[in-house]
Visitor: 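Below: one structure in structure tokens.
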Amino acid sequence: WLPMIGFTALPHLGGLYGGYITRKEVKTWYPTLQKPSWRPPNAAFPVVWTCLYTGMGYGSYLVWKELGGFTEDALVPLGLYGLQLALNWAWTPIFFGAHKLKLALLELMLLTGTVGATIVSWYPISRTATLLMAPYLAWLCLATSLNYCIWRDNPEKKEE
């Protein structure tokens with residue numbers, strides 16, 4: 001039980017830190033941005049991310065278990081998972097913390113590609129784990145589109 005709980009909980013650690021950064025900015029800076037009409041309401045984001053983090057965390061546990069732990073065979077699938085998790089955690093400080101919309105967009109595109117690679121690497125190992133990552137990839141496509149529109153519609157001010 002302990003590994004399952006640990007793997008499932010791990011993604012939430014970055015989510016908690018991201019929530020801490022986001023909380024203030026959602027009330028101050030974020031409302032000043034032009035956003036597309038189709039963006040989800042602010043209240044949806046913590047609910048969605050809780051579900052996505054739980055799914056990806058449990059999926060990583062299934063891959064780890066199927067491969068017998070941190071074995072040589074686990075290097076690529078769990079390494080890609082770790083990379084995407086680090087990229088996931090990095091987006092919030094870039095977007096909400098530093099207000100770097102373009103950099104956040106580039107980082108998000110890299111994240112989305114890494115999640116796609118993670119899914120491809122997981123498919124032969126665990127179909128269930130792969131399916132648990134599918135909603136995450138779909139959400140990242142939406143998030144990338146949203147980040148793009150926000151970047152496009154809110155030109156960054158040049159520093160002098």
Visitor: Taking N154 for the side chain and Q34 for the main chain, is one N or O donor matched with an acceptor at less than 3.5 Å?
Guide: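 Here the side-chain-to-backbone pair exists.
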Visitor: How far apart are the C-alpha atoms of W139 and F45, what are their side-chain angles, what is the distance that settles it, and do they pass the ring pair (Phe, Tyr, Trp, His ring centres under 6.0 Å) test?
Guide: CA-CA 10 Å; W139 182 260; F45 288 87; 5.6 Å; yes
Visitor: Count I, L, V, M, F, W, Y as connected when their side-chain heavy atoms are under 4.5 Å apart, and connections chain through other members. Are L75 and L85 then in the same cluster?
Guide: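 They do not share one cluster, since no chain of ILVMFWY contacts under 4.5 Å joins L75 to L85.
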Visitor: Mind checking the CG-OG1 spacing from L87 to T114? Nearest 0.5 Å is all I need.
Guide: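 Atom-to-atom, L87:CG and T114:OG1 are 5.0 Å apart.
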Visitor: Keeping T32 on the side-chain end and W29 on the backbone end, is there a donor-acceptor pair under 3.5 Å?
Guide: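 Indeed, once roles are kept as given, a pair shorter than 3.5 Å links the two residues.
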Visitor: In terms of ring plane angle, is the pair F96 and W91 parallel, tilted or perpendicular, where the classes change at 30° and 60°?
Guide: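 Because their plane-to-plane angle is over 60°, the rings of F96 and W91 count as perpendicular.
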Visitor: Linking I/L/V/M/F/W/Y whenever any side-chain heavy atoms sit under 4.5 Å apart, do L52 and L131 land together?
Guide: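 In one cluster with L52: L131, no.
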Visitor: Tell me whether the centres of the aromatic rings in F7 and Y58 are closer together than 6.0 Å.
Guide: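 No: the rings miss the under 6.0 Å criterion.
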Visitor: Group every Ile, Leu, Val, Met, Phe, Trp and Tyr by side-chain heavy-atom contacts under 4.5 Å, then state whether L137 and V63 land in the same group.
Guide: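 As far as the 4.5 Å side-chain criterion goes, V63 and L137 are connected within one cluster.
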Visitor: I want to know whether Y81 and W64 have ring centres closer than 6.0 Å.
Guide: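 When the ring centroids of Y81 and W64 are compared, they turn out to be at least 6.0 Å apart.
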Visitor: Report the C-alpha distance between K35 and Y30 in whole Å, list the side-chain angles of each, state the deciding distance to 0.1 Å, and finish with yes or no for side-chain contact (heavy atoms from CB on, under 4.5 Å).
Guide: CA-CA 9 Å; K35 295 173 278 304; Y30 190 68; 3.2 Å; yes
Visitor: Less than 4.5 Å apart, any side-chain heavy atom of H99 and any of I94?
Guide: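 They are not in contact (no side-chain heavy atoms under 4.5 Å apart), so the answer is no.
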Visitor: Side-chain contact test, heavy atoms from C-beta onward, threshold under 4.5 Å: evaluate it for W38 versus L142 and give yes or no.
Guide: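 Yes, at least one pair of side-chain atoms sits under 4.5 Å.
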Visitor: Could you tell me if R127 sits above the aromatic ring of Y123, with its cationic atom closer than 6.0 Å to the ring centre and no more than 45 degrees from the axis?
Guide: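 Yes, R127 sits over the ring of Y123.
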Visitor: Are any of the side-chain heavy atoms of Y136 and W49 separated by less than 4.5 Å?
Guide: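 Sidechains of W49 and Y136: in contact.
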Visitor: Measure the spacing between CD of E107 and CG of N88 and express it to the nearest 0.5 Å.
Guide: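 The CG atom of N88 is 8.0 Å from CD of E107, to the nearest 0.5 Å.
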Visitor: What pair of heavy atoms forms the shortest contact from L78 to S60, and how long is it?
Guide: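 In terms of heavy atoms, the two residues are closest at CD2-O, 4.0 Å.
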Visitor: Tell me whether F70 is reachable from L62 by hopping between hydrophobic residues (I, L, V, M, F, W, Y) whose side-chain heavy atoms are closer than 4.5 Å.
Guide: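 Same hydrophobic cluster.
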Visitor: I'd like to know if the side chain of W122 and the backbone of P77 have a donor-acceptor N/O pair within less than 3.5 Å.
Guide: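 Yes; judged by distance alone, with no hydrogens or angles, the pair exists.
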Visitor: Enter the distance from R23:CZ to T28:OG1 here, rounded to the nearest 0.5 Å.
Guide: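 That separation rounds to 13.0 Å.
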Visitor: Quick one: closest heavy-atom pair of Q84 and L111, and the distance?
Guide: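 Minimum heavy-atom separation between Q84 and L111: O-CD1, 3.2 Å.
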Visitor: Of the non-hydrogen atoms in P40 and L146, which two are nearest, and what is the gap between them?
Guide: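 The answer is CD-CD2, 4.5 Å.
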Visitor: Mark yes when over 12 heavy atoms from residues, nucleotides or ligands other than K102 sit less than 6.0 Å from its NZ; otherwise mark no.
Guide: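 Count not over threshold, so no.
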Visitor: Within the structure provided, determine whether V115 and I119 are in side-chain contact (heavy-atom separation under 4.5 Å).
Guide: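 Touching, per the 4.5 Å side-chain cut-off.
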Visitor: Closest heavy-atom contact between A129 and G59?
Guide: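 Distance-wise, the nearest heavy atoms are CB-O, 3.5 Å.
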Visitor: Can you name the nearest heavy-atom pair linking T92 to G18, along with the distance?
Guide: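 Between these two residues, the closest heavy atoms are CG2-O, 3.5 Å.
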Visitor: Could you report the tightest heavy-atom contact between I21 and P93, atom names first, then the distance?
Guide: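 Scanning both residues, the minimum pair turns out to be CD1-CG, 3.8 Å.
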Visitor: Hey, does M133 have a side-chain heavy atom less than 4.5 Å from the side chain of T118?
Guide: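 The answer is yes; the side chains approach within 4.5 Å.
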Visitor: Find the distance between CD1 (I150) and CZ (R39) and round it off to the nearest 0.5 Å.
Guide: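 The CZ atom of R39 is 7.5 Å from CD1 of I150, to the nearest 0.5 Å.
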Visitor: Can we call the ring centroids of Y53 and W89 under 6.0 Å apart?
Guide: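 Aromatic pair excluded; centres sit 6.0 Å or further apart.
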Visitor: Determine, using the 4.5 Å side-chain heavy-atom cutoff (strictly less than), whether L67 and L132 are members of one ILVMFWY cluster.
Guide: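 Looking at the clustering, L132 is in the same group as L67.
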Visitor: Rounded to the nearest 0.5 Å, how far apart are CG of L33 and CG of D153?
Guide: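 Result: 10.0 Å between the selected atoms.
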Visitor: Hydrogens and angles aside, do T54 and H12 bring a side-chain donor and acceptor to less than 3.5 Å of each other?
Guide: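 Present: a donor and an acceptor within the cut-off.
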Visitor: Roughly how far, to the nearest 0.5 Å, is the OG atom of S145 from the CG atom of L108?
Guide: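 OG of S145 is found 9.0 Å from CG of L108.
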